[in-house]
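In the text below, chain A, chain B and the rest are named by the order of the sequence lines, each starting its count at 1. The shown structure was predicted, so the numbers you read here are calculated from the model rather than taken from an experiment.
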Protein chains: 2
Amino acid sequence: MPRKPRKGDVAADEAVYGAIRRAMHMGRLSPGTKLQEPALARVLGVSRERVRKALHRLVHEGWLTAIPNRGTFVPSLTVEEMREIYDVRSMLEGAIVRRLSESHSAVAARRLKAHVAEEKAATRRADRGRLFELSGEFHVLLAELCGNDELTRLLRGLLIRSTMHFSIAAPQQFTNCAGPHDHGDIAEAILSGRADRAAKLMLGHLTGLVDLQAGRPARNQPVDLQVAFRGIDGQPAQSTGSRRP
Amino acid sequence: MPRKPRKGDVAADEAVYGAIRRAMHMGRLSPGTKLQEPALARVLGVSRERVRKALHRLVHEGWLTAIPNRGTFVPSLTVEEMREIYDVRSMLEGAIVRRLSESHSAVAARRLKAHVAEEKAATRRADRGRLFELSGEFHVLLAELCGNDELTRLLRGLLIRSTMHFSIAAPQQFTNCAGPHDHGDIAEAILSGRADRAAKLMLGHLTGLVDLQAGRPARNQPVDLQVAFRGIDGQPAQSTGSRRP
DNA sequence: ACGTCAAGAAATGTGCACATTCTGTTGGAG
DNA sequence: CTCCAACAGAATGTGCACATTTCTTGACGT
């Protein structure tokens, strides 16, 4: 028996939420898959109400779509929706790199350099998993360096949805961003204070990502939940910000 | 034959959700107010589980803050958080007006002109309630004219949080935006294709709104839920006489 | 043979009762 | 008189059982 849900365990909610999120992130769930509550509860070893709550949360966050009295399904993202997400990202991240180019602290410069160095190291090691994470965190890092929590939270949500399309459409390909060269060039432009160049590079970077995925249609194939969640267990995911009044 | 209204109506969820949201929008709920589930259920005339679901949704959307085993509370927005929200809006809306200035359809131009005209009409009629709505919708309209649903949805969320601060801090003052002149000027700049001027006007407009609210601290005063939700109901309230022990 | 309808089964939605936790109060000791 | 601690009351969190709806399977009629 792996583990029994104990009293007042708030981590259990996060575990279920994270398990589903991770399964989607790993491309185990094809678009159109119906996530049945009893089956999930049996596979994950928790009560149905807990699965229910996690499903509702995921639906509200946009990861899943719910049809009343029918169930919750893995959405099939269209290319158009993906283009819109990247379009919004272009607006935000264009403004972000401009602002950072115009003014940034010494700490910000150091963190940016460190991140690029880490990406290069991961590239040399051919550690695609780590590179996948770092590539996404690069964009979040830029938002963080602006010192705006709201901005960071918003961009993280957009990034998640971007990677969701990656995961659903092309789970095998682990290249989150086109290449670390882009990130290095963008960072260099920021650090040297060339705002226009940084913004232009960022826009090109994002449009490149769109083109990379554009011709990659998602295929709908039935999925067995038993195997989809094999090896995915209760590792608690990152907790979303719950602020005190 | 039209299906008769069953009790398992999904509209009930929306009613509870909308009632709380409306109460906040009308400034009935002071920051720090605890929203007790049994009290809300009794006032709104629904079951506690329904209130619970609505509260969870509102917490996740950022309207309320929840503390485990303690309850859900109306957040007290700091000036800093408000600045951050308006900062993100500046990034997005600056890009929006630039894009619209560079290219927009004839239909877009017509809708924009019609909206400005309607705002002016509301100003002449001194219809502050209608003007409050129109002022917010102006910013959403600009996002819609870009033809990006994701952008519209995101900006609408930011706008809601902006007006939430307005409602909480200064419920009496019904001036959502500084004045219709700003909107008219921005629209004119967009329609004449002057991107830099439009962006500059929008940035000034938003910073003006921040300064308007900056010196307006929110006051924490206890609130009776019974009177806070008076007249706010999803379904028409039944006679106040019948009540169970 | 095909379309239609009906009955059974399974899944979703909802209310209820109970366990756990927190808060406000009261009593007693220092 | 003040502070600490135990207790009572209420509120939150959770599992369970039932009602409602939908999907599936099978049979019947045209």
Side-chain angles (χ1 to χ4, degrees), chain A residues 1 3-17 20 29 32-60 64-74 222-226 228-229 234 236 239 242 244-245, chain B residues 1-17 20 29 32-60 64-74 222-226 228 234-235 244-245:
Chain A
M1 213 160 179
R3 205 173 50 168
K4 189 110 178 177
R6 301 298 295 271
K7 54 169 183 177
D9 194 1
V10 290
D13 285 335
E14 283 293 321
V16 176
Y17 170 83
I20 302 175
L29 302 174
T33 302
K34 178 178 179 180
L35 296 180
Q36 296 183 3
E37 297 168 2
L40 271 180
R42 188 172 52 247
V43 168
L44 296 177
V46 297
S47 68
R48 190 168 73 94
E49 279 66 26
R50 220 167 272 260
V51 173
R52 215 172 151 64
K53 209 194 307 182
L55 253 46
H56 282 151
R57 178 178 170 189
L58 288 163
V59 165
H60 186 70
L64 303 174
T65 58
I67 304 177
N69 295 324
R70 298 279 292 275
T72 62
F73 302 85
V74 178
V223 167
D224 182 15
L225 294 181
Q226 182 77 30
F229 283 88
S239 64
S242 179
R244 302 176 64 90
Chain B
M1 175 174 114
R3 60 184 65 176
K4 62 181 180 181
R6 304 290 181 85
K7 67 175 183 179
D9 201 353
V10 291
D13 286 335
E14 280 293 323
V16 176
Y17 170 83
I20 302 174
L29 301 174
T33 302
K34 178 178 180 180
L35 297 180
Q36 295 182 354
E37 296 168 1
L40 271 179
R42 189 171 51 246
V43 168
L44 296 177
V46 297
S47 69
R48 190 167 74 93
E49 279 66 26
R50 219 168 273 267
V51 173
R52 222 173 143 63
K53 209 194 306 184
L55 287 178
H56 282 150
R57 178 178 171 187
L58 288 163
V59 165
H60 188 72
L64 303 174
T65 59
I67 304 177
N69 295 325
R70 298 279 292 276
T72 62
F73 301 85
V74 178
V223 167
D224 182 16
L225 293 180
Q226 183 77 31
Q235 297 293 336
R244 292 186 309 176

* Structure fact -> Contacts of R52(B) meeting salt bridge (charged side-chain N to carboxylate O under 4.0 Å, His left out) (sequence neighbours excluded), chain-then-number -> E37(B)
* Quickly work out the R50(B) CZ to dT12(D) P distance and round it to whole Å. => 18 Å
* Structure fact -> Whole-Å distance, Q36(A) CD to dT22(D) C1', equals 12 Å
* Asked: Mapping H56(B) and E49(A) to their closest nucleotides on DNA chain D, which lands nearer the 5' end?
  -> H56(B)
* Asked: For the side chain of K53(B), counting heavy atoms from C-beta on, which of dT23(C), dA11(D), dT14(C) is nearest?
  -> dT14(C)
* side chain to side chain contact (heavy atoms under 4.5 Å, CB included) evaluation trace for V59(A) with T65(A) -> CA-CA 5 Å; V59(A) 165; T65(A) 58; over 6 Å; no
* **Any S47(B) side-chain N or O less than 4.0 Å from OP1/OP2 of dG15(C)** => yes
* Tell me: CG of L40(A) to C1' of dA11(C), nearest whole Å? -> 13 Å
* **Spacing between R52(A) atom CZ and dT14(C) atom C1', to the nearest angstrom** => 8 Å
* Asked: Would you say a side-chain N or O of R70(A) is under 4.0 Å from OP1 or OP2 of dC23(D)?
  -> yes
* Can a donor-acceptor pair under 3.5 Å be found between the side-chain atoms of R48(A) and the base atoms of dG13(C)? -> yes
* Over how many whole Å does the gap from I67(A) atom CD1 to dT21(D) atom C1' extend? -> 14 Å
* Only one of V46(A), V51(A), V16(A) clears side chain to side chain contact (heavy atoms under 4.5 Å, CB included) with L40(A); which? -> V51(A)
* **Residues that K53(A) engages under salt bridge (charged side-chain N to carboxylate O under 4.0 Å, His left out), provided they are two or more places apart** => D13(A)
